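Below you'll find the structure I mean.
Within every chain, numbering begins at 1; the chains are lettered A, B, ... in the order of the sequence lines, protein sequences first and strands thereafter. No experiment lies behind these values; they were computed from the predicted model shown.
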Amino acid sequence: MADKNNQQFVKEIADIKSDFPQWYTDVVLKTQLVDYGPVKGTMVIRPYGYGIWENIQRELDNRIKATGHENAYFPMLIPYSFLMKEAEHVEGFAPEVALVTHIGNEELPEKLVVRPTSETIIGNMYSKWIQSWRDLPVMINQWANVVRWEKTTRPFLRTSEFLWQEGHTVHATEEEAQAETLKMLDVYQEFAENVLAIPVIVGKKSEKEKFAGAKSTYTMEAMMLDGKSLQSGTTHNLGQNFSRAFEIQFLDKDGVLKHPYQTSWGVSTRLIGALIMAHGDERGLVLPPMVAPKQIIIIPIAAFKGGVLEKAQELRQLLLASGVRAEIDNRDQSPGWKFNEWEMKGVPARIEIGPRDIESDSCILVRRDTHEKKVISLNNIGATIVAELKDIQANMLEKSRKFRDSHIVICETVDELKQAVDSGNFVKAMWCGSRECEAKIKEQTSATTRCMPFDQTPVGTKCIVCGKEIKNCEGYVAYFAKAY
RNA sequence: UGAGGUGUAGCGCAGUUUGGUAGCGCGCUUGGUUCGGGACCAAGAGGCCACGAGUUCAAAUCUCGUCACCUCAACCA
């Protein structure tokens, strides 16, 4: 386990703001969340990193089921012809799909794609499953891996293969589909804020940024510590695009054969990247208690002295009984070494227990988020720790929210916008909605349209680019930022 | 694909200018002393110097070629 050069690591991450991607990569690798795979852009998620994903999965799966969805599984290999059925979809995905063309030495009669997303194969099945209005809605979710051959990759943020959850629903009416699209965005937002402690900005994607094949796409955008935006989850209203392409039809109550309306929505292992970059500090990761694989690490001091280890084990049992994920680090290393190791890995709090504490029936608690150190009594320790973890979770969200809110700038000119995004801010501005103006901003500032928030209270009267008057809902309030 | 850079021990690097047969730090192993913020002593293990072909008595080092990776640009639900 203890096989990394930590001193070097601390030096490397000393200046977090000036070289964020490097810091990020180092944190990811040195904390042993992930390893590079043998194929370019693939990653091996190590047990500690996977532990985070398991907690994310559990919490999110509960929420997905609570909103009426069921889990299912569809094949990884999809006939290439399926992908071609929806024009925008194939155009969007074809450049980055991996193809299976041979089995052994024999060429396949039809190429297969390794799924980049499952709308097509699921659409194909839905066309067989759905006949009547009584079959609707269909509310299915899948936990799976997908492959997208991006040109450049970064661990967790953009990898050739990643794990995700994709929901695919079918509804009788357009209204129901739109309601589902917005409901799942709500679920994602609540999850991001209460579980990941990451406040997000939600809204609608521009035409340019929407999902290939969707009628409209909604997003939650999270601000990273360097002021760049990370698209952390999306929900799509697919309209009838796929139901027409895959000939999904149902006989409605009125006796008319209709194409149903569909949605899809997903979040991925990218969320782990979001956690790292939204909460990390100069010592490494900071994980919110809800997703931390270990919530409390107990470090025995002078464990070779009689009674210390026994006391630590007793303490751990008390915490386990209170539902706290607690572990003892009894490795043969100095205490200081262990403190740094577990801080780097982001464990929300640690407990030190040594001969002095045992005498006074207490222990020392050190929080990862505030570095606060205090003596706590061993009496009723389970309840004390549960409350403390709850406070850490809340404090992390609060801290992130303050950071985000203080890095949103309202701008009225492109120059202002450029300066603001260059110094690590999100920009809120008026936009006429034209593709030309959107393209100009990207060209001149390298910032992109992140979303049009639901709250459209105007922050000006003219388009930030072309200066056109915006009135009567002809334009939008939009967020702009550099993005990962 | 455009421009630049790097390949030497598990990780990070020095050595290349001026050719002489392999080094440093961390990590790892063993034994001992330690343990409340990255402990110390001693003894060890570990390398086809990216690959290939030249030049030379002699190549990590010089020449030519190949491959891989990284950064920036471009691309990126």
Worksheet item: Do A:K210 and A:E207 meet the salt-bridge criterion of a basic N to acidic O distance under 4.0 Å?
Response: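 A:K210 and A:E207: salt-bridged.
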Worksheet item: Atom CG of A:L230 and atom C1' of B:rC76: how far apart are they, to the nearest Å?
Response: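 Distance, rounded to whole Å: 13 Å.
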Discussion item. Suppose we call a contact any N or O donor and acceptor under 3.5 Å apart; does that hold for the side chain of A:R283 and the base of B:rG38?
Written reply: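 Such a pair does not exist between side chain and base.
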Fill in: Contact list for RNA chain B against residues 435-443 of chain A - heavy-atom distance below 4.0 Å
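Heavy-atom cutoff 4.0 Å gives no residues at all.
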Fill in: Pairwise C1' distance, B:rA45 and B:rG10 [rounded to whole Å]
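These two C1' atoms come out 13 Å apart once rounded.
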Worksheet item: Hey, is B:rC48 sitting syn or anti, using the within-90° cutoff around 0?
Response: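 Judged by the O4'-C1' to base torsion, B:rC48 sits in syn, the angle falling within 90° of 0.
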Practice prompt. Please determine if A:K428 forms a cation-pi arrangement with A:F426, meaning its NZ or CZ atom is less than 6.0 Å from the six-membered ring centre and no more than 45° off the ring axis.
Written response: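 The answer is no; the distance or angle limit is not met.
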Fill in: Length of the CD1-P vector between A:I297 and B:rG36, whole Å
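Those two atoms, CD1 and P, are 17 Å apart.
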Discussion item. Expressed as a whole number of angstroms, how long is the span from A:E352:CD to B:rG38:P?
Written reply: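 In whole Å, B:rG38 P lies 12 Å from A:E352 CD.
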Discussion item. With a 3.5 Å cut-off and heavy atoms only, can you find an N or O donor on one side and an acceptor on the other between the side chain of A:E343 and the base of B:rG37?
Written reply: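 In this structure, the two groups form a donor-acceptor pair.
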Worksheet item: Would a distance-only check, ignoring hydrogens and angles, find a side-chain to backbone donor-acceptor pair under 3.5 Å from A:R367 to A:P348?
Response: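 Here the side-chain-to-backbone pair does not exist.
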Item to complete: Decide yes or no on ring pair (Phe, Tyr, Trp, His ring centres under 6.0 Å) for A:Y126 and A:H168, but give the supporting numbers first.
Response: CA-CA 10 Å; A:Y126 282 175; A:H168 296 270; 7.4 Å; no
Worksheet item: Where each residue is assigned the nucleotide of RNA chain B containing its nearest heavy atom, which of A:V267 and A:S334 is assigned the position nearer the 5′ end?
Response: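 Its nearest nucleotide lies further toward 5', so the answer is A:S334.
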